[in-house]
Amino acid sequence: MTETRKVAVVAGNRIPFARQDKTYRHASNSDMLTAALNGLVDRTGLGGQELGEVVAGAVLKHARDWNMVREVVLGSKLAPTTPAYDIQQACGTGLEAAILVANKIALGQIDAGIAGGVDTASDAPIAVNDELRNVLLDLNRAKSLPDRLKVLAKLRPKDIVPEIPRNAEPRTRKSMGEHAALTALEWGITREAQDELAYRSHQNLAAAYDRGFQNDLITPYLGLEKDQNLRPDTTVEKLAKLKPVFGKGETATMTAGNSTPLTDGASTVLLSTEEWAAERGLRPLAYLTHSQTAAVDYVKGAEGLLMAPAYAVPRMLARAGLTLQDFDYYEIHEAFASQVLATLKAWEDPIFCKERLGLDAPLGEIDRDKLNVNGSSLAAGHPFAATGGRIVAALAKQLHESGGGRGLISICAAGGQGVVAILEGSNR
Ligand SMILES: CC(=O)CC(=O)SCCNC(=O)CCNC(=O)[C@H](O)C(C)(C)COP(=O)(O)OP(=O)(O)OC[C@H]1O[C@@H](n2cnc3c(N)ncnc32)[C@H](O)[C@@H]1OP(=O)(O)O
């Protein structure tokens, strides 16, 4: 059996995230991913070089983008002999891509690779319905003009109605927000606590820009230099005035301010062995040491849609021999403030930890001052597949800047799944 090798996170690059239908309205997934990738290649001096693999994906993509990541590499500054392919695990895509690249490096199958993700809420794929698709396929097969006219005669006005993607679970027909609202109710997550978390996300991201933390994590794109959703001037009072958008009646607590906005953007991360990095004059920022996925049965209502990380994290901690408190930083993706708070509450709850996680004692509280210290998705926005890369790169840089330490990454994903990982600073 091959001995595993240490996997370094060497650098990351993303484009600023834009709000839906704003600056990147006319940019495709491929355009944005190419911009993020080329920014990383420029920063690390990898132009013209062949890498082990580039692995990335998008949650929402057009049928024509069936081989998107390979096409992006062919149009990028990397050598065209770099293999590349698409993966998709909803909002876990970016982190899962990093785990896949890391595992290949650890096993000695590649020495270096780039993981990434991209999504556009502006250029969402609109599909034709089954009736029109069948007519178009028959039309393509028809050999003569009369045959084609016969096929076209089958077309009815209702067949032209397009299928617009909905931000909803196919099995429940409920949106992510509606699911999260049920979990917020189950766990008694207050409006005040959600607004406070959202406020802190904006404050922390604004502070990260102010101290230059983002300078070598972001390449401006189409004139945008900062995340377009960031509101440094938001306050808990302003947030408290927003109308609820998910949930029903008096119990509705989720607003546009404490939910992620629909977003466009792309991110990339370079991972490699220490030797590969050293040969190119690059230094590890941190190491990706553990990862885990979990899934919950949200369809029958056994668990909340976005609660899978609550299961994945303790499984990973058990394998790593760590407790929830053994971390200097916690990066919990903020799909919704309520989902972050429900996850934290679940880990503190003796009954949840005993009955659902099978633990003798609760995982306990975390130090909230260590949570999302440079802001997270409520402030930056959440282009689904790009969020993992944003988090891996920012946490690795934070660990490097702090001279070491350990960070936990937790990402909830559609389909009731969760992807989590641990980064260790270079002093461990
Ligand atoms: C997919 C996975 O695998 C897992 C996941 O991550 S699940 C998460 C997936 N993501 C989602 O589901 C996205 C959810 N978000 C949405 O659907 C929409 O953003 C939303 C329905 C929540 C809001 O949409 P919207 O109404 O168009 O928002 P928007 O117009 O920007 O904001 C509404 C108001 O709030 C205000 N506002 C928003 N954020 C604010 C803030 N932080 N401070 C102050 N005001 C704010 C806006 O200024 C706006 O005010 P006006 O009406 O006066 O202009």
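When a ligand or atom number is given, it counts from 1 through the structure's own listing order. Values reported hereafter were calculated over all heavy atoms of this structure, with side chains retained and with hydrogens, waters and symmetry mates removed.
- In this structure the side chain of L242 reaches within 4.5 angstrom of the side chain of R191, judged on heavy atoms.
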Exercise. Side chain to side chain contact (heavy atoms under 4.5 Å, CB included) between T268 and L33: does it pass, once the steps are laid out?
Worked result: CA-CA 8 Å; T268 51; L33 188 59; 4.2 Å; yes
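- Using a 4.0 Å heavy-atom cutoff, A198 is absent from the residues neighbouring ligand 1.
- Heavy atoms of F336 approach ligand 1 to within less than 4.0 angstrom.
- Between atom 18 (C) of ligand 1 and the options L60, T260, T255, T387, the minimum heavy-atom separation is to T260.
- Per-atom contact check: atom 54 (O) of ligand 1 does not touch the protein, criterion being a heavy-atom distance below 4.0 Å.
- Ring centers of H26 and Y24: at least 6.0 Å apart, outside the cut-off.
- Of the heavy atoms in L239, only side-chain atoms (C-beta onward) come closer than 4.0 Å to ligand 1.
- A heavy-atom distance below 4.5 Å is not found between the side chains of D264 and P383.
- Distance check on atom 30 (O) of ligand 1: every protein heavy atom falls at or beyond the 4.0 Å cut-off.
- Using bins of under 30°, 30° to 60° and over 60° for the plane-to-plane angle, the ring pair H382/H333 lands in the tilted bin.
- In terms of polar-atom proximity, defined here as any N/O pair under 3.5 Å, F246 makes no such contact with ligand 1.
- Within the 4.5 Å cutoff, no side-chain heavy atoms of F246 are placed close to those of S338.
- Considering only non-hydrogen atoms, atom 22 (C) of ligand 1 lies nearest to A256 out of P383, S377, S175, A256.
- Counting atoms of ligand 1 from 1 in the listed order, those under 4.0 Å from a heavy atom of H202 are 42 (N).
- The heavy atom nearest to atom 40 (C) of ligand 1, out of those in R231, H333, M176, is found in R231.
- Side-chain atoms of S201 and N372, non-hydrogen and from C-beta on, never get closer than 4.5 Å to each other.
- Scored by the side-chain hydrogen bond (donor to acceptor under 3.5 Å, both in side chains) test, E53 finds Y85, K104 as partners (sequence neighbours excluded).
- Protein non-hydrogen atoms do reach within 4.0 Å of atom 6 (O) of ligand 1.
- At a threshold of 4.5 Å between non-hydrogen side-chain atoms, the residues L197 and N258 do not count as touching.
- Residue A414 has at least one nitrogen or oxygen atom sitting less than 3.5 Å from a nitrogen or oxygen atom of ligand 1, judged on distance alone.
- The atoms of ligand 1 that sit less than 4.0 Å from any heavy atom of A90 are 3 (O).
- In this structure, atom 50 (O) of ligand 1 has its sub-4.0 angstrom surroundings free of protein heavy atoms.
- Counting the atoms of ligand 1 from 1 in the order shown, those under 4.0 Å from a heavy atom of L262 are 13 (C), 19 (O).
- In summary, the atoms of ligand 1 found under 4.0 Å from a heavy atom of T234, numbered by their order in the structure, are 41 (C), 42 (N), 43 (N), 44 (C).
- Not a single protein heavy atom sits closer than 4.0 Å to atom 26 (O) of ligand 1.
- Ligand-side atoms of ligand 1 in range of F384: 1 (C), 9 (C), 10 (N), range being under 4.0 angstrom from any heavy atom.
- On a distance-only criterion, K238 and ligand 1 share no N/O pair closer than 3.5 Å.
- Residue-ligand proximity: M254 is placed with every non-hydrogen atom at 4.0 Å or more from ligand 1.
- For atom 43 (N) of ligand 1, the nearest protein heavy atom is under 4.0 Å away.
- Put simply, atom 20 (C) of ligand 1 has no protein non-hydrogen atoms near it, under 4.0 Å away.
- Of the candidates K397, Q214, E401, R211, N374 forms a side chain to side chain contact (heavy atoms under 4.5 Å, CB included) with just one, namely R211.
- When non-hydrogen atoms are compared, ligand 1 lies under 4.0 Å from the backbone of C412 (N, CA, C, O) but not from its side chain.
- With 3.5 Å as the limit, one finds no donor-acceptor pair spanning the side chains of T34 and D31.
- Shown here are the side-chain hydrogen bond (donor to acceptor under 3.5 Å, both in side chains) partners of Y298, two or more places apart in sequence or in another chain: E169.
- Given atom 12 (O) of ligand 1, the protein heavy atom at minimum distance is N167 ND2, 2.6 Å.
- Using a 4.5 Å heavy-atom threshold, the side chains of L271 and Y287 count as separate.
- Ranking protein heavy atoms by distance to atom 1 (C) of ligand 1, first place goes to C91 SG, 2.6 Å.
- Q20 does not count as a contact of ligand 1, since none of its heavy atoms falls under 4.0 Å from the ligand.
- For the residues T93, L242, D21, D119, the heavy atom positioned nearest atom 34 (C) of ligand 1 is part of L242.
- Residues V59 and Q88 are in side-chain contact: their nearest non-hydrogen atoms beyond the backbone lie under 4.5 Å apart.
- Those atoms of ligand 1 with a heavy atom of R19 less than 4.0 angstrom away are 29 (P), 31 (O).
- Under a 4.0 Å criterion applied to the non-hydrogen atoms of A335, ligand 1 contributes the atoms 5 (C), 6 (O), 7 (S), 8 (C).
- Atom 10 (N) of ligand 1 is approached by the protein to below 4.0 angstrom, counting heavy atoms only.
- By the 30° and 60° cut-offs, the orientation of the rings of F327 relative to Y330 is tilted.
- R14 places a side-chain heavy atom less than 4.5 Å from the side chain of D227.
- You'll find the ring centres of Y311 and F352 inside the 6.0 Å limit.
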